[in-house]
4 protein chains.
Amino acid sequence: MSAKAAQKKERQEKILEAAIKAFSINGYHNSTVATIAREAGIADGTMYLYFKGKEELLISAFTFIMDNFLEKLEVKLAEAKNPLEKLKCIVTYHLTELSKDPDRAKFLQLELRQPAESVRRGIAKPLSLYMRKIDSLVEEGKESGMVRKDLPTKVIRRVIFGAVDETISSWIRRKDAAPIGSEAEAVFEVLLGGMAAR
Amino acid sequence: MSAKAAQKKERQEKILEAAIKAFSINGYHNSTVATIAREAGIADGTMYLYFKGKEELLISAFTFIMDNFLEKLEVKLAEAKNPLEKLKCIVTYHLTELSKDPDRAKFLQLELRQPAESVRRGIAKPLSLYMRKIDSLVEEGKESGMVRKDLPTKVIRRVIFGAVDETISSWIRRKDAAPIGSEAEAVFEVLLGGMAAR
Amino acid sequence: MSAKAAQKKERQEKILEAAIKAFSINGYHNSTVATIAREAGIADGTMYLYFKGKEELLISAFTFIMDNFLEKLEVKLAEAKNPLEKLKCIVTYHLTELSKDPDRAKFLQLELRQPAESVRRGIAKPLSLYMRKIDSLVEEGKESGMVRKDLPTKVIRRVIFGAVDETISSWIRRKDAAPIGSEAEAVFEVLLGGMAAR
Amino acid sequence: MSAKAAQKKERQEKILEAAIKAFSINGYHNSTVATIAREAGIADGTMYLYFKGKEELLISAFTFIMDNFLEKLEVKLAEAKNPLEKLKCIVTYHLTELSKDPDRAKFLQLELRQPAESVRRGIAKPLSLYMRKIDSLVEEGKESGMVRKDLPTKVIRRVIFGAVDETISSWIRRKDAAPIGSEAEAVFEVLLGGMAAR
DNA sequence: GATGAATGAGCTTTCATTCAT
DNA sequence: CATGAATGAAAGCTCATTCAT
């Protein structure tokens, strides 16, 4: 039975990967179930045995990526010693990880902004987990005296997330093959010390 | 003839406004030409006398907003005395201006990320103008000694833009009625001085 | 404008006739919108400009037939002098009229028995009108002393309607080309005098 | 072997009952093989070991009910002494029996009118047996002098069958919980003596 | 025999676009 | 110029049937 379950999981992931690829290239609305199915090597109808519909496929794909992303992030974070290092780790990891796989990056950037309310709801939780993670690290930083206490945690978090998000976005816009992990240092330096000269 | 041209322009703007409203509420793909036409008070076919198609309507709407946005931004910037003040002005203006009209904000945040290559191309120029503007202010800042020279201009720009962009995004996600212009101060403070305690 | 309205009505009837034909041959569920549209000489999508959907088409077709049926029935009934003659008129008319057009007859016999609740509701009114008509004639018959008063009106009505309905049904089952209007006499004789020998 | 055969028969009946239930509630076309299989406690594919397909299931279900119906009818008829009593027995039995089980009644009324020619053919025999039965009783009635000889047997039969059929139909339409066996008396009285006052 | 995952044909419906008026 | 009825391609989804296990 374990073999069967494994095969099922494998197929599910194949569909998810096909979906991510299709969505990242053409966007959700311009991707057809037929195309995704063909890419995944299954029949159209088979997709509906694994996902309720196209929309659930989108949400599942997003959750799939985010879960994996957050899981690996935790491993990385364990290596960092203090809150600031952990925050730097997040910046580095976010940029490095996403620049590894342009499909995945594009998918996240694009589909994160779905207007359909149902999609927003489905996507909300894993995204929120990430935000909460940053929040808690900022709080820890404040407690340990390494982060300024005169600024709202949420504002700091938005600047951090916005910075990495936009760095990825512009990378995608440029269709630059060059990885952007190397920029993590500079980005974090701005976040840390600000742009003002002293 | 001038009267005719004026009427034409007026009608064009009416269509654009209807399109922006529809796109921002339901997204590009869930908005129909028929709905937009009805909202604009014209017949379906009439739209095609003013725009090549639905996609051009999207691009035009984006350009329309951005042009207006940049135009008004220049006026504001004229009041600021030095590069840092100008950058603060941008942050403040971006947040204030967009939080005035949630529809427009949503439209910009969501539809900016269209995957269709043709849309990306059409959108690129006005967006690029904005980026260039920030870039030049950062450069000026460096020259005047107010901005750190040890960091790439592009990186600084991305952090600035990402910060305001994400602030707007999260505001939209929260569906918070409260305006966020008031957060400009804090956001800029982070950008300016960084999050690290001294 | 009248020309336009006329053309619209004409096209609507063309669609209805195509639907009746298709439904009567293959039944509602085995008929496709595409087939009906082709038969009516229009594009698939055009049907949706005239009817909300396939189901509304079914209900409209039924109502269309029944309205016409009842209208012409009234004309016929005006010629009959007393309640019994009127009832005989109904029997004769029902059999004659339906046997004129097998498509229509089959359609009525088949689709009258749709299990979908929404269809039942849509069909209910015109069917009910017919039943009520028979009821009122039976009542008149009782009042005038021509019809037995010791039997519930509804029971009599059901026997009358059932008799003609089944006569049509069996005619359809036999696929008998022979018209059955001629059987009206015998059917009514049974209804009138019963089967028992005296 | 007998045990095996018995189990097979039992399972077959279970499937038929599940089918009848599903068909009567949602109609043939809105019932899925999957639903029927689940209701019968078997796998989808198993159905195909007992029936050639969905359509054969429909025909078998109809035949199953009719066979049972006719079998029990014969028992009842044995109690009646003369042709007229036997005909009354049929009317009473038909109404009583069907009003016992609304599901079955609905199924017979609705699905009897399937347009698909193959279904019509499959259904024809058992239905015909019932018609023939009534015919022969009418003939007997004529021979024994209890039934009028001036009317075609078929016409009389159609009136009889139509009367009970419509009584059931209207009962279903009304969704009346009240059993209609009690109306048999009145219905038969109309059939026997006609509606005309003397 | 029994299973149920997989298939893929086929359906209804939507909607951007066209063009006769 | 403006209209809006007509178009028809395209898409998501269902479900009877098959067949490897």
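All chains are named by letter (A, B, ...) in the order of the sequence lines, taking the proteins before the strands, and each is independently numbered beginning at 1.
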ask   = Which base sits across from E/dC15 as a Watson-Crick or G-U pair, both distances under 3.5 Å?
value =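 The base-pairing partner of E/dC15, which may sit in any strand shown, is F/dG8.
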query = For F/dT3, which nucleotide is its Watson-Crick or G-U wobble mate, given both distances must be under 3.5 Å?
reply =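 WC or wobble partner is E/dA20.
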From [atom1] of [X] over to [atom2] of [N], roughly how many Å is that when rounded to an integer?
| X | N | atom1 | atom2 | result |
| --- | --- | --- | --- | --- |
| D/Leu57 | F/dT17 | CG | C1' | 14 Å |
| C/Lys9 | F/dA5 | NZ | P | 18 Å |
| A/Tyr28 | F/dG12 | OH | C1' | 9 Å |
| D/Phe51 | F/dA16 | CZ | P | 15 Å |
| A/Asn30 | F/dG12 | CG | P | 10 Å |
| A/Tyr50 | F/dT14 | OH | P | 17 Å |
| C/Leu58 | E/dT12 | CG | P | 12 Å |
| D/Arg38 | E/dG4 | CZ | P | 11 Å |

key: A/Lys21 NZ: over 12 foreign heavy atoms closer than 6.0 Å   =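 No - once you tally the heavy atoms of other residues, nucleotides and ligands closer than 6.0 Å, there are 12 at most.
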request  = Tell me what C/Thr35 touches on the nucleic acid: a base, only sugar-phosphate, or nothing, going by heavy atoms under 4.0 Å.
outcome  =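 Answer is nothing: C/Thr35 stays at 4.0 Å or more from every strand.
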key: Residue mapping more 5' on DNA chain F - nearest nucleotide basis, D/Met47 or A/Gly53   =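 The residue whose closest nucleotide sits nearer the 5' end is A/Gly53.
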key: Pairwise 5' ranking along DNA chain F for C/Lys8 and A/Glu55, keeping only the more 5' one   =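 In this pair, the answer is C/Lys8.
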ask   = Which of these, A/Ile65, A/Ile36, A/Leu57, sits in a side chain to side chain contact (heavy atoms under 4.5 Å, CB included) with A/Leu16?
value =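 Running side chain to side chain contact (heavy atoms under 4.5 Å, CB included) over A/Ile65, A/Ile36, A/Leu57 with A/Leu16 returns exactly one hit, A/Leu57.
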ask   = Taking the nucleotide of DNA chain E with the closest heavy atom to each, which residue, B/Lys54 or A/Thr46, is nearer the 5' end?
value =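 The residue mapped nearer the 5' terminus is A/Thr46.
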task = Nearest-nucleotide wise, let me know which of A/Gln7 and C/Ser31 is further upstream toward the 5' end of DNA chain E.
result =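 Comparing both residues, the 5'-ward one is A/Gln7.
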message = Ignoring hydrogens and geometry beyond distance, is a side-chain donor-acceptor pair present between B/Thr32 and B/Thr35 at under 3.5 Å?
response =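 Result is yes, a qualifying pair exists.
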inquiry  = Do C/Gln114 and C/Glu111 pair up side chain to side chain, a donor and an acceptor below 3.5 Å, judged on atom types alone?
reply    =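 Yes, side-chain donor-acceptor contact under 3.5 Å.
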I want to verify a distance call: between [options], whose nearest atom is closest to the [X] side chain?
| X | options | value |
| --- | --- | --- |
| C/Ile42 | F/dT3, F/dC13, F/dT7 | F/dT7 |
| B/Leu49 | F/dT3, E/dT17, F/dA9 | F/dT3 |
| A/Tyr48 | F/dT14, F/dT7, E/dT12 | F/dT14 |

task = Taking only Lys NZ, Arg NE, NH1 and NH2, and the carboxylate oxygens of Asp or Glu, determine whether C/Lys175 and D/Glu117 approach each other closer than 4.0 Å.
result =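 So C/Lys175 pairs with D/Glu117 through a salt bridge.
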Taking only N and O in the side chain of [X], is any of them less than 4.0 Å away from OP1 or OP2 of [N]?
| X | N | value |
| --- | --- | --- |
| D/Thr32 | F/dC15 | no |
| D/Arg11 | E/dA2 | yes |
| A/Lys52 | F/dC13 | no |

task = Give a yes or no on whether the backbone of B/Asn26 and the side-chain of B/Ser31 come within a donor-acceptor separation of less than 3.5 Å.
result =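 The answer is no, because no donor-acceptor pair under 3.5 Å joins these two groups.
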